[in-house]
Student: 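The structure is given below, and queries will be raised subsequently.
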Amino acid sequence: MSQEPKVIYLKDYTVPSFLIESTELRFELFEEETIVHAELKVKRNPACEKSAASLELFGHEELELIELTIDGAALDEKSVQREGELLILSSLPETFVLKSSTRIHPETNTALEGLYKSDGMFCTQCEAEGFRRITFFPDRPDVMSVFRTTVEADKKRYPVLLSNGNPVKTGENAEGRHWVTWEDPFPKPAYLFALVAGDLKCIEDSFTTMSGREVKLVIYAEEKDLDKLDYAMLSLQKSMKWDEEVYGREYDLDIYMIVAVDFFNMGAMENKGLNIFNTSCVLANPKTTTDASFQRVEGVVAHEYFHNWSGNRVTCRDWFQLSLKEGFTVFRDAEFSADMNSRTVKRVEDVSLLRTAQFAEDAGPMAHPIRPDSFIEISNFYTMTVYEKGAEVVRMIHTLLGPELFRKGSDLYFERHDGQAVTTEDFVQAMEDASGKDLGQFRAWYHQAGTPELHITDEFDGQKEEYRLTVRQTCPATPGQDKKTPFQIPLSVGLLDQEGNELRLTNGEYSEVLEVTEAEQTFVFKGINAKPVPSLLRGFSAPVKLHYAYQRDELMFLMANDTDGFSRWDAAQKLGVDIMQELIGGYSVDRPMALDSRLIAAYRAVLEADGLDKAMVSKVLTLPSQAYLSELSEVIDVDAIHNVREFIRKKLAFELEPLFLKRYQENNLEVDYSPDADSIARRSLKNLCLSYLVATQKTEYLQLAKEQYAQSDNMTDMQSALALVAHSDDKVAGAELLDDFYAQWKDESLVVNLWLSIQAADPSEGALARVESLMHHPAFDAKNPNKLRSLISVFCAQNPVNFHAKDGSGYQFLADRIIELNAQNPQIASRMLTPLTRWKKYAADRQVLMRAQLERIHQCDDLSKDVFEVVSKSLV
Ligand code: B3K
Ligand code: ZN
């Protein structure tokens with residue numbers, strides 16, 4: 001790369017020198033170019049100390065500036081400077097009108113940032129810094145302005161023209177062109193701007209807010225997808241109601257629109273009044289959509305809706321504050337999903353994700369605090385840490401304050417900062433002010449990276465009738481942070497006596513939140529007359545790693561007796577991890593594998609028990625994942641983990657075959673599909689049982705899977721069965737079903753993505769060659785992020801045995817893709833790079849191969865800032 005990109009630091013933040021009172025935009029959309037006219041009412045910012053400061057506008061290097069005037073006159077040359085992304089205007093009056101016309105090319109924009117085309121329709125993605133690809137503007141979140149936007153295009157090709165706010169005027173021009181003007185009365189930063197133009201169809205409904213205002217709800221998609229929008233509509237209505245009930249937040253505009261687009265870098269975007277969604281996060285129909293995707297649609301619709309308050313009405317001062325809106329909004333959507341479905345299952349799923357992906361990020365070269373101190377490219381910081389750990393940090397505040405004071409705090413935060421661009425500090429301050437709780441030490445969670453570890457030991461003193469828990473906390477060094485100060489950690493605990501009864505604790509309850517604040521601290525429980533079994537970190541009350549030397553029998557005891565559903569699951573995970581780690585350790589020295597019969601007994605007990613929550617049963621009976629075991633490993637032995645896991649799965653399958661079959665049959669009902677929590681639970685248990693049955697390698701069960709495939713009326717059952725057959729040793733049967741599936745669904749893009757993913761994740765030999773040949777299949781499109789994720793990312797992340805092939809072919813394959821994508825779509829390229837960045841966790845031979853590929857990427861000319869930042873930090 002010719003010049004090393006600049007590092008941006010939080011400590012360098014300064015207030016904007018100018019404010020924009022209003023922004024008027026006019027877009028002329030054509031097939032070969034788009035002209036953007038902008039008229040900004042500008043005034044000096046009284047809060048800016050430099051009285052003669054210049055105005056910094058951001059404009060991507062590809063923007064062609066056609067015209068620029070101030071109060072109707074052209075600027076003299078000396079007052080205009082264009083440097084890279086900046087257009088600097090100096091010698092300016094106190095207030096003025098800045099007009100510009102700019103030529104852009106959405107039709108060739110493959111980065112999918114700014115204004116671009118997705119399947120023939122125009123759409124935008126401006127967060128974080130995409131608006132600067134549209135026109136010259138102070139593109140920073142603390143510059144908020146009211147927008148009035150006119151979109152003009154050919155009427156036939158683009159009958160629907162949308163932007164933020166309410167439509168106020170429409171008209172027709174010569175040559176078959178038409179236009180619509182939209183007004184958004186709420187001041188917003190440019191990153192929330194949106195525009196859509198296309199041949200779209202919609203469904204409409206409404207919502208009456210708590211103050212009695214009727215809001216029109218519209219969801220747009222291509223005509224062929226009109227039958228897949230009802231679930232998103234229902235989810236939107238439920239979200240609106242929930243935010244009124246739980247947070248007292250009412251929607252503010254007269255209309256709320258969602259548009260589904262097929263080419264999208266991430267899940268969805270909360271643009272004011274005009275959300276733009278990846279089709280994968282909005283379309284849902286039993287025939288084409290799995291249960292997991294139904295739940296994702298509900299969760300993402302809620303997430304984007306909740307941003308209207310946590311993100312739009314109160315926004316971020318700068319991008320270091322990203323977790324202010326993302327962490328809080330993820331916490332809000334998780335609580336919503338917990339209320340709509342099963343709370344424990346939602347928690348188990350979120351914690352599993354955190355423990356694998358976020359803990360790995362926190363231990364890798366890109367580790368950063370939820371409020372980073374610096375970045376090269378902000379797009380690289382839409383991370384598990386900022387989102388998921390950020391949500392855990394808000395959850396801890398909720399735990400420390402309790403629900404009532406937390407609500408008082410959020411009310412104060414929204415009231416105090418409505419219409420402002422603020423910091424995470426403002427959020428914590430509001431929580432502190434409303435509750436009176438000192439969160440001084442707690443703030444370390446915002447600026448210290450790394451996953452804290454709690455080492456807990458206990459002592460029982462029969463004479464004093466005392467039980468003591470000693471908690472020692474440490475936190476590993478992370479890039480740029482060698483030493484950490486102790487965190488304030490809410491540690492939720494319970495104590496069980498030998499009969500499995502819960503004991504009353506110091507607070508008189510059965511559960512208590514201990515506040516760990518020191519490097520080492522002892523908590524004493526009095527009046528305890530026999531050594532109890534501790535239930536620790538109930539509900540996963542803090543994003544930490546917990547070490548306590550449980551005996552396997554104690555874990556089985558907790559699985560059976562703990563009253564906290566999350567902890568029962570966690571005990572099962574710990575038992576699985578403990579047993580698997582022992583076998584993984586023996587694998588490299590060829591120790592013969594034998595399964596501790598206690599795991600079989602524990603599984604048998606769960607399978608035999610009646611009346612348990614089916615969703616939890618299927619979670620408990622799922623062995624710790626390859627990803628989780630990898631994260632826990634000092635040095636990841638990919639083959640050992642895979643083979644041990646498969647060995648145990650088979651062993652459990654043989655030992656418990658009749659029970660798996662019984663539960664399969666009981667839950668294989670002929671009833672209409674419904675995506676409610678109970679039905680999802682039933683299908684998940686049924687399909688888990690089927691996966692164990694198929695693991696026996698008995699032909700009758702492969703036959704059963706084929707029958708399920710043929711008979712199923714919903715995508716959940718069909719896809720589960722297809723994956724089992726496709727991944728079985730019977731490659732002929734697998735190929736037959738895969739062909740059948742493709743023939744049936746080739747016109748449903750999202751279903752084809754499932755088909756790609758199943759093949760990419762097939763652990764059998766030759767997977768890379770199959771993936772490479774699929775890249776030439778008509779079903780694949782290297783410009784579409786959903787296709788890239790379904791094929792390439794699934795192969796690299798969910799097919800570890802093949803991706804980490806000893807010859808390094810998997811690594812080379814990924815590096816080739818990154819180098820190709822670097823120019824085409826930097827955000828996707830840099831995101832896809834993640835598996836290579838973890839090279840230090842592997843044995844020396846793999847390390848050398850992985851590093852060599854990172855170096856190859858690093859040496860390429862014209863690396864994007866996105867890829868450069870990740871590669872260079874990974875090579876340190
Ligand atoms: N705020 C967007 C994410 C934008 C990512 C830009 N690279 C979606 C969300 O979190 O709701
Ligand atoms: Zn978000």
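For reference, positions follow the sequence shown, starting with 1. In listed order, ligands and their atoms are each counted from 1.
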Student: Would you say Gln420's side chain and Val422's backbone share a donor-acceptor pair under 3.5 angstrom?
Tutor: no

Student: The Zn ion (ligand 2) as vertex, arms to OE1 of Glu326 and NE2 of His307: angle to 10°?
Tutor: 100°

Student: Could you list, one pair per line, each nitrogen or oxygen of ligand 1 together with any protein nitrogen or oxygen closer than 3.5 Å, giving atom names and the distance rounded to 0.1 Å?
Tutor:
unit_1   : atom_1 : unit_2 : atom_2 : d
ligand 1 : 1 (N)  : Glu127 : OE1    : 2.5
ligand 1 : 1 (N)  : Glu270 : OE1    : 2.8
ligand 1 : 1 (N)  : Glu270 : OE2    : 3.4
ligand 1 : 1 (N)  : Lys325 : NZ     : 3.3
ligand 1 : 1 (N)  : Glu326 : OE2    : 3.1
ligand 1 : 10 (O) : His303 : NE2    : 3.4
ligand 1 : 10 (O) : Glu326 : OE1    : 2.9
ligand 1 : 10 (O) : Glu326 : OE2    : 3.1
ligand 1 : 10 (O) : Tyr387 : OH     : 2.5
ligand 1 : 11 (O) : Glu270 : OE1    : 3.2
ligand 1 : 11 (O) : His303 : NE2    : 3.1
ligand 1 : 11 (O) : Glu304 : OE1    : 2.8
ligand 1 : 11 (O) : Glu304 : OE2    : 2.9
ligand 1 : 11 (O) : His307 : NE2    : 3.2

Student: Under a 3.5 Å distance rule, please check whether Arg132 uses its side chain to pair with a backbone N or O of Phe137 as donor and acceptor.
Tutor: no

Student: Flag this pair as yes if the NZ/CZ of Arg332 is under 6.0 angstrom from the six-membered ring centre of Tyr247 and inside a 45 degree cone about the axis; otherwise no.
Tutor: yes

Student: Do other residues, nucleotides or ligands put more than 12 heavy atoms under 6.0 Å from the CD atom of Glu62?
Tutor: no

Student: Among all residues two or more places apart in sequence or in another chain, which pass the ring pair (Phe, Tyr, Trp, His ring centres under 6.0 Å) test with Phe27?
Tutor: Phe193

Student: Could you check which N/O/S atom of His303 is closest to the Zn ion (ligand 2)?
Tutor: NE2

Student: Under the salt bridge (Lys or Arg N to Asp or Glu O under 4.0 Å) test, which residues partner Asp426, sequence neighbours left out?
Tutor: none

Student: Can you name the residues that form a side-chain contact (heavy atoms from CB on, under 4.5 Å) with Arg296, not counting sequence neighbours?
Tutor: Cys281, Val300

